[in-house]
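Here's the structure, in structure tokens; my notes come after.
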Amino acid sequence: MSSPDLNPPQAEAALHTHGPLLVFAGAGSGKTRVITYRIANLIARQGVAPYRILAVTFTNRAAKEMRERLGKLLGDSIARDIWAGTFHSTCAKLLRQYGESVGLTRSFVIYDTQDQKSLVTRILKEHYEGDARFAPKQVLAWIGKQKQEAKSPDDCGENTFERGYADVYALYDKQLRACNAVDFDDLILLTSRILSDAKNPDGDRIRNRFEHVLIDEFQDTNAVQYKLMRSLVSKHQNLCVVGDDDQSIYSWRGADVRNIRGFERDFPDAKVVKLEQNYRSTAHIVGAALAVIAPSRTREPKELWTANEAGEPIEVIGLETEREEAALVVSYAKQAREAGVDLRGVAVFYRINAQSRVLEEALRASNIPYQIVGGMKFFDRAEVKDALSYLRVLDNPKSDVDLLRIINTPARGIGDSTVDKFTTYAAFSGQSLTDALSEADAIADLSSGPRKKLAAFGKLLAKLRDEATRLSPSDLLSAVLDETGYRTSLRAENSPEADSRLENLQELFGSLRDFEAEVQAAGEPATLAAFLERVSLVNDVDQMEDAARITLMTVHSAKGLEFNLVLLTGMEEEMFPYRGFDDRDDAQLEEERRLAYVAITRARQRLVITHVQRRQIFGTTRACVPSRFIGNLPHEAVVHRSTSAPRPRYVDQPGYSSYGGATGTRRPSDQPWSHPQGPARPAPPPLAPGERFVDREFFDEGASDFDESPKLRPGSAVFHERFGHGKVSAVGGGAEPVVTAFFPGWGEKKVLIKFLSAGGR
DNA sequence: CGCGAGCTCTTTTTT
DNA sequence: AGAGCTCGCG
């Protein structure tokens, strides 16, 4: 296997067989090739049984691709036996088999974000009526964080405030178990518990099962995942982790880049290999990526390089508005299509999903075939979730969240007050809602009408559950849609919206059919449970179609993918690096920088970067200046174009020193960006309330084409009679001249601009 | 009880 | 800008 297929470090990694191995795999350095060759080597030369190899990937799509490649090297029947999947899907599979000791039966369901929210809302209503301390979203974020750090309710809650959260956490977990349900974080956490419980024989069973463990995208593992991994390999230490600290972009969901940076501390015997030659991109693109990541403070030392030719220069294009930007994307796509380029190789990236709509509209209007990854997911649509809730509650009767979702969908006269009394009864008698349904006649609080309706609903479900034992999953779905009247009620609406819902249900049916065919082809039974699990754990990248269309997605979704032509849009301060409501700290800014690095390194041949002067987003118009990351690009690798004359802009824009080639190659400083207009601007005298805010210095000189209201922008310092000094967080568009501003001591306030004056400090 | 209008609130990135 | 929610009416 020291073949010409692999360069020396690649071969070194691929031929490693025992003990811990850390592979730093630079972008485009042939990582997947190394992983597949290494697994092939373990099987073909070392005689390791394929089913004793676990390969954890970041997406199910990556797992599938790995399997396909291995299929070519070793044959499909061997490749099929390898355990390959994400942390979440692997753990789900293990819990189906070994979940009993942590309180799960085989038919447990996986609650998604929406389900979690409805469960927590119900708990808060029941136990904390009227307590404003708890907002479901915040509580869930906090619980998620604890779970990602492997903390149980008893392990957390240092102060009173957190203690309150910990109590909700305990109730929430109790409810989940009562529902025979888990959330995403539980998949990892519960598996980890099984493994680290010395008294649990299942832990050893799992451990013994895997002789070799491989983890890809290791820089994006969190604390529980790390813990799980350590106990998984504690006996044999046959562990190979592959990653790139420069591509760590998931700290916001608990990923800890220290897992990769500190790997050698926990595994002192680890062999370390660095893959530094990039085979993917042109030299210009590699150079651009390096220049963007270079100012990063904390990096594992490594040198990415390429022997590829320089290629086309990177185009940086300035436009007026997001609509023009979309038109530019269309024109590049058209150009590509007319040149006979395969549209599969073209991608459009953006920082946040909200940017996709304008792009989508423009592409649709121009008949350019495209697909969008992310955003509103198919399986998140209300009608699809309704149908799935029926299936889930048939499979797992204890799932109260699902039962509540469908108890009055379609409307069957069971209103809120009936539901309240019913759930109270169930809680009081300690039953699941499904069980309580069969006693509907005995609920003293209810009058005969609601009792009858509940009982009828219970009979309907019982009938369907009976049919479920005989029908295939797809036939069961048909039965559900018919017998519940769901289809009929949508047809009766006779509206375009209802028609599109019916189409979506048809699509769900189709996808269930596809699933059955696929699973049966692999010689396995197509169970409803397996389908529901797959639906819970697929992401949009997994679902990406391999059709001849261009692809639109966030930079996060693009991780691990590559395209011949990448159009990277919205490269403006505040958008990318993104700044939401709050200022960000250095660590967050570093992550934005790594995100930009990921974006650039997805491109093979051509990279086009666009930025606009003003952008309409979240209902307001923002003035925009080019991103500091544009300022980092090496002069010689870039051509600048603009559809309009350059306009004046803030000269002290941090991290951005040259635009249109004005000042050349000076390395920009990389300061926190919280004050784009620069610190310590002299304060103009406050105006009397009622006077208009017209401080020229605060606004862009070239912005006369804005609209009628004064040109405050996020970050502008303002003064208000009552609230004092503050900072604008958003500018309200439309007729009302209002802005949202943050005032220390008062919080976010929406105020009329006429009551504001320019306020320095 | 169900529906609709108006209101508020949010607005990163996702398994 | 958009979704989701609450409130009031039929």
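The model shown is predicted, which means the values in this text are computed figures rather than measured ones. Per chain, numbering begins at 1; letters A, B, ... match sequence-line order.
Residue contacts shown for Y250(A) are limited to sugar-phosphate atoms, with no base heavy atom under 4.0 Å away. In this structure, K559(A) reaches neither bases nor backbone, as no heavy-atom distance under 4.0 Å exists between it and the strands shown. Using a 4.0 Å heavy-atom cutoff across all strands shown, S417(A) reaches sugar-phosphate atoms only and no base atom. L537(A) comes within 4.0 angstrom of nothing in the nucleic acid, heavy atoms only.
Along DNA chain B, the nucleotide closest to F618(A) and the one closest to S536(A) are compared, and the more 5′ of them pairs with F618(A).
Residues Y370(A) and T551(A) have side chains not in contact (no heavy-atom distance under 4.5 Å, counting atoms from C-beta outward). By the 4.5 Å heavy-atom criterion applied to side chains, V348(A) and L568(A) are not counted as neighbours. Side-chain atoms of H611(A) and F576(A), non-hydrogen and from C-beta on, never get closer than 4.5 Å to each other.
At whole-Å resolution of the value, CZ in F349(A) and P in dT13(B) are 16 Å apart. One interatomic measurement links the two molecules: CD1 of I372(A) to P of dT14(B), which rounds to 13 Å at whole-angstrom precision. The CD-P distance, from E591(A) to dT12(B), rounds to 15 Å in whole Å. Taking atom CD on Q114(A) and atom P on dT14(B), their separation rounds to 15 Å, with Å as the unit. Per the geometry, NE2 belonging to H556(A) stands 9 Å off P belonging to dT13(B), to the nearest Å.
Closest contact between the side chain of I352(A) and the listed nucleotides dA1(C), dT14(B), dT13(B) involves dT13(B). Considering only side-chain atoms of T86(A), the nucleotide from dT10(B), dC1(B), dT15(B) that sits closest is dT15(B). Taking the side chain of H88(A) as heavy atoms from C-beta on, and the options dT11(B), dT13(B), dT15(B), the nearest nucleotide is dT15(B).
Classified by interplanar angle (parallel below 30°, tilted 30° to 60°, perpendicular above 60°), the ring pair Y250(A)/F58(A) is tilted. By the 30° and 60° cut-offs, the orientation of the rings of F218(A) relative to Y226(A) is tilted.
In terms of phosphate contacts, N539(A) brings a side-chain nitrogen or oxygen within less than 4.0 Å of OP1 or OP2 of dT15(B). For dT12(B), neither phosphate oxygen OP1 nor OP2 lies less than 4.0 angstrom from any side-chain nitrogen or oxygen of N353(A). Neither OP1 nor OP2 of dT14(B) sits under 4.0 Å from any side-chain N or O of T113(A). For the pair S557(A) and dT14(B), the criterion of a side-chain N or O lying under 4.0 Å from OP1 or OP2 is met. Between N408(A) and the phosphate of dC1(B), there is no side-chain N or O to OP1/OP2 separation shorter than 4.0 Å.
Between K31(A) and D216(A) there is a salt bridge, with a side-chain nitrogen of the basic residue lying less than 4.0 Å from a carboxylate oxygen of the acidic one.
Listed by chain and residue number, nothing satisfies the salt bridge (Lys or Arg N to Asp or Glu O under 4.0 Å) test with D185(A) (two or more places apart in sequence, or in another chain). Scanning for salt bridge (Lys or Arg N to Asp or Glu O under 4.0 Å) contacts around E360(A) gives an empty result, with sequence neighbours left out. For R253(A), there are no salt bridge (Lys or Arg N to Asp or Glu O under 4.0 Å) partners at least two apart in sequence or on another chain. Taking Q97(A) as the reference, R209(A) meet the side chain to side chain donor-acceptor pair (under 3.5 Å) condition, with sequence neighbours excluded.
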Strictly under 3.5 Å: I want the nitrogen or oxygen pairs between protein and nucleotides 3-8 of chain B, one per line.
none

Pairs under 3.5 angstrom, nitrogen or oxygen only, protein versus nucleotides 2-9 of chain C, please.
{"from": "dG2(C)", "atom 1": "OP1", "to": "R357(A)", "atom 2": "NE", "distance (Å)": "3.3"}
{"from": "dG2(C)", "atom 1": "OP1", "to": "R357(A)", "atom 2": "NH1", "distance (Å)": "3.3"}
{"from": "dG2(C)", "atom 1": "OP1", "to": "R357(A)", "atom 2": "NH2", "distance (Å)": "3.1"}

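Stacking between W252(A) and dT13(B) is shown: the ring centroid lies under 5.5 Å from the centre of the six-membered base ring, and the planes differ by under 30°.
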